[in-house]
2 protein chains.
Amino acid sequence: MPKQTFLQLPEGKQRALIDAAKKEFSRVPLHEASIANIIKDAGIPRGSFYQYFEDKEDLYYYLLNQLSQENNKKITAMLKEKNGDLLGTLEDAFRHMISLRHDPEHGELLNHAFRNMNYRKENTMANSMYKESLKNERSQTLELVDTSYLNIKDKQELLHIIKIVGAITFHNLVQVFVHDLTEEEAIANYTTQIDLIKRGLHRNEDM
Amino acid sequence: MPKQTFLQLPEGKQRALIDAAKKEFSRVPLHEASIANIIKDAGIPRGSFYQYFEDKEDLYYYLLNQLSQENNKKITAMLKEKNGDLLGTLEDAFRHMISLRHDPEHGELLNHAFRNMNYRKENTMANSMYKESLKNERSQTLELVDTSYLNIKDKQELLHIIKIVGAITFHNLVQVFVHDLTEEEAIANYTTQIDLIKRGLHRNEDM
DNA sequence: ATTGACTTATGACACTGTGTCACATTATAA
DNA sequence: TTATAATGTGACACAGTGTCATAAGTCAAT
């Protein structure tokens, strides 16, 4: 999380640093990115960088969180659009997310992010780390879900369903970015898998 | 993948290096581990290390792959034991995997691995990278699965089911290691989720 | 036994990049 | 105006990597 000092900086200086950071994190994945490049490009001295952020990760996750927030809003809107039909929203949401890889502004950054996905990135993208009202946010989105579509007996199981679809969605996203799947392949795989879990993996005796 | 030179080394020298590596990778996660520590502990000069391995990652993934192979054998055995009941094997397999975190030999290494899980590690643990006969191996395990338990129409869907349960299982494993869940919590979560996908997430109209 | 060709061993070194700290500058308020 | 706090700055110490010239070992052919 950026330090107070950074947030009080004049707009232009913030922008310069953020832009330089985006550029560097688009060039190479996080672990190869160098602070030296970022500050050179932003035109600020090394010492200043450490006034603003703890370290490279701090800056990176701040950025990633911001991107994710915009994105989460879009997906929440889709869910609302579909009147809380969670499973029905998934394909559209997935399609939207894979379309981001060709976004000129953040495509490369996301490419690197997904090719080097780890728990912290996944968590940052899924939730909204720096937001205090995490639990409130969560439950607001939760409230949108119409549970009458779902084969569950309580609220607790809804949380598990979200974890399930989250895990599968992320897994598929990583596949897309790592193996450069075409949009058709990606969506075919994803919908097959979502269909499977919708109807259930286990064969009923009476079928 | 280790270089030829390493594999031709006398048993004792290999052991020393492997043991030192295990020690270092148990101390800290991969990105914090240092070659300097490993070679100091193993008593070999820096130059030699680079005769044997490309770099730190090369050594790390060699090690991780070896651990995973043992493990995969155990799980394949479980599946055979249960006569190919894939879904029925999952809970036992999961239980077995989380028990590993208290293994004195590799527990800490696995802790770091899961807390910093990424695509490559997941892939290394799931498959067996260095094995030439990857496809054969896979299909051998595939053949073990009794598809009559499963709600699928073709072989292709079996592959998707494996991806689904793989994604969910890994996701749960990461949760266990990151949040230090108790065995009971971990298994409760996991079985709930597996039950949900077994019976299907979507509510049937006629229910 | 000696030679030559090849393989393996070695550690000093150049290089890259990080985070810190003493000091300089600027802002704020009394 | 002056004291105090906040921010800016870049030289520097430090940690770690991968390479390379050179040394040492192996072994087959003479």
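Note on naming: letters A, B, ... go to the chains in the order of the sequence lines (proteins, then strands), and numbering restarts at 1 for each one.
Put simply, the side chain of B/Glu185 does not reach to within 4.5 Å of the side chain of B/His179, judged on heavy atoms.
Stacking of A/Arg120 on the aromatic ring of A/Tyr61 is recorded, both the 6.0 Å distance cut-off and the 45° axial limit being met.
Between D/dG16, C/dA9, D/dG8, one nucleotide has an atom nearer to the side chain of B/Thr5 than all others, and that is C/dA9. Nearest to the side chain of B/Asp55, among D/dG8, D/dG18, D/dT17, sits D/dG18. Of all nucleotides listed (C/dA9, C/dG19, D/dG16), C/dA9 comes nearest to the side chain of B/Tyr52. In the set D/dT17, C/dT8, C/dT18, the nucleotide with an atom closest to the side chain of B/Gln8 is C/dT8. Listed nucleotides D/dT9, C/dA9, D/dT17 differ in distance to A/Gln51; the shortest reach to its side chain belongs to D/dT9. Closest to the side chain of B/Tyr50, out of D/dT7, D/dG18, C/dT18, is D/dG18. Looking at the side chain of B/Lys56, the nearest of the listed nucleotides D/dT17, D/dG8, D/dG10 is D/dT17.
Ring planes of A/Phe6 and A/Tyr52: tilted class, angle from 30 to 60°. Using bins of under 30°, 30° to 60° and over 60° for the plane-to-plane angle, the ring pair B/Phe25/B/Tyr60 lands in the perpendicular bin.
Here the C1' atom of nucleotide C/dT10 and the NZ atom of B/Lys40 are 18 Å apart, to the nearest Å. If you measure from atom CD of B/Glu24 to atom C1' of D/dG16, you get 12 Å, rounded to the nearest angstrom. The distance between atom NZ of B/Lys13 and atom C1' of D/dG25, rounded to the nearest whole Å, is 11 Å. Residue B/His31 contributes atom NE2, which lies 14 Å from atom C1' of C/dT18 at whole-angstrom precision. Taking atom CZ of residue B/Phe53 and atom C1' of nucleotide D/dG18, one finds them 16 Å apart after rounding to whole Å. Atom pair A/Ile39:CD1 and C/dT20:C1' shows a separation of 14 Å (rounding to whole Å applied). Nucleotide C/dA9 holds its P atom 12 Å from the NZ atom of B/Lys3, rounded to whole Å. Rounded to an integer number of Å, the gap from CZ of B/Phe6 to C1' of C/dA9 is 15 Å.
Atoms OG1 and CG, from B/Thr141 and B/Leu86 in turn, are 10.5 Å apart once rounded to the nearest 0.5 Å.
Proximity of A/Ser48 to the phosphate of D/dG8: no side-chain N or O atom is located under 4.0 Å from OP1 or OP2.
Backbone-only engagement by A/Leu9 is indicated by non-hydrogen atom pairs under 4.0 Å involving sugar-phosphate atoms exclusively. Contacts of A/Ile35 with the nucleic acid, taken as non-hydrogen atoms under 4.0 Å apart, involve only primed sugar atoms and P, OP1 or OP2.
In terms of position on DNA chain C, the residue among B/Gln4 and B/Arg46 whose nearest nucleotide sits closer to the 5' end is B/Gln4.
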